[in-house]
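What follows is one structure encoded as structure tokens, with my remarks underneath.
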Amino acid sequence: MHEDLAREALGHVDALYKLARYLTGREAEAEDLVQETYARAVAGAAGFTAGTNLKAWLFRILRNTFISMYRHRRASPEVSGVDITDAPSSEDWLRDDMELDRLRKIVAEEIEAALLSLSEEARTVVLLDLEDLSEVEMAAVLECPVGTVKSRLARARAALRRRLQDYAR
Amino acid sequence: MNESRDERAIEVALTEALQRLPQRRAPARLVRRVERVLAAAPAPRRRWRHALVPALAAAAVIALATPVIVYQYTTAARAAATSMVSEAIGDHLRIVQAQRPLEIESGDGHRVRPWF
């Protein structure tokens with residue numbers, strides 16, 4: 001892998017880890033998944049087309065790696081949600097303004113819980129949408145037509161809204 | 001109209017809510033692991049290396065063929081030059097013979113004895 005490409009790839013480690021964390025639900029597995037993603041990216045660097053979205057390419061590798069490595073554990077309750085032992089401490093979440101961040105933490109936890117209650121496919125498309133990928137790039141990551149991405153994203157967001165309404169009651 | 005505007009507002013609010021998801025940054029140990037993976041990656045093969053083997057083969061063929069071609073060329077040139085010299089000498093001798101009659105040995109200065 002070219003040095004510049006490696007440096008740019010390393011810059012996406014947070015985004016990859018975030019998706020990996022929401023897919024696996026466990027910190028250790030997310031780290032393994034991200035490392036394996038980079039290993040596969042290095043091995044298949046020749047397959048990357050210069051000038052295209054590197055982050056989308058890495059997301060695609062991560063998703064395929066997840067499918068091949070972890071999907072068989074979907075029945076496990078730890079995989080479907082964030083387990084309590086891996087939940088970040090309050091110190092990790094709090095930032096400058098303690099009170100405001102405390103409020104944001106509560107809201108974020110609810111959103112996170114709602115997101116984790118979605119199916120893996122719905123969760124993935126919502127998270128990819130948050131990464132500012134175009135629908136075409138998301139379709140490349142998910143290896144499906146653009147129309148499927150649109151409908152899947154619309155359904156996922158509708159489901160998320162229903163979950164959040166449930167929490168508000 | 002109002003309903004669609006409300007719908008859009010809800011969608012915007014949902015997006016903003018999603019942007020407040022906990023920022024899960026990659027732990028430092030993961031960054032180090034990834035850096036090791038990237039550092040261990042083999043250097044990309046240069047494009048000119050793909051042409052190295054054919055270029056070396058072509059150079060070897062040229063190196064072997066050049067002496068043979070030069071030898072053949074010089075041998076042919078030398079043979080042609082030898083042939084030209086022989087022909088020139090022969091022509092010269094014929095001309096000399098035609099211009100100067102053969103001398104015939106005689107017993108005295110007044111008697112000419114044909115040799116044939």
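Proteins get letters first, then strands, A, B, ... in listed order; numbering begins at 1 in each. Just so it is clear, the model here is predicted, and its values are computed rather than measured.
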What verdict does the salt bridge (Lys or Arg N to Asp or Glu O under 4.0 Å) test give for B:R24 and A:E112, after you've listed the backbone C-alpha separation in whole Å, the side-chain angles of each residue and the deciding distance to 0.1 Å? CA-CA 11 Å; B:R24 298 192 179 280; A:E112 188 173 57; 2.4 Å; yes

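When all heavy atoms are compared, the tightest approach of B:T15 to A:L130 is O-CD2, 4.5 Å. Considering every non-hydrogen atom in both B:L14 and A:R161, the closest pair reads CD2-CG, 3.7 Å.
Partners of B:L56 under the side-chain contact (heavy atoms from CB on, under 4.5 Å) rule, at least two apart in sequence or in another chain, are B:L52.
Salt-bridge check for B:E35 with A:R7: failed, with every basic side-chain N at 4.0 Å or more from each acidic carboxylate O. B:R29 has a carboxylate O that lies under 4.0 Å from a charged side-chain N of A:E27, or vice versa, which qualifies the two as a salt bridge.
A donor-acceptor pair under 3.5 Å is formed between the side chain of A:R157 and the backbone N or O of B:E11. A donor-acceptor pair under 3.5 Å is absent between the side-chain atoms of A:D14 and the main chain of B:R25, judged by distance alone.
If you measure heavy-atom distances from A:L115 to chain B, the contacts under 4.5 Å come from the side chain alone. Contacts of A:D32 with chain B are made by both backbone and side-chain atoms, with heavy-atom separations under 4.5 Å.
The closest side-chain heavy-atom distance from B:L18 to A:L160 is below 4.5 Å. For the pair B:L21 and A:L127, the minimum side-chain heavy-atom distance is below 4.5 Å.
In the hydrophobic cluster analysis, where Ile, Leu, Val, Met, Phe, Trp and Tyr join through side-chain heavy atoms closer than 4.5 angstrom, B:L93 is grouped together with B:V85.
Considering CZ of B:R20 and CD of A:E109, their distance stands at 13.0 Å, rounded to 0.5 Å.
Using non-hydrogen atoms only and a strict 4.5 Å limit, no part of residues 132-154 of chain A faces chain B.
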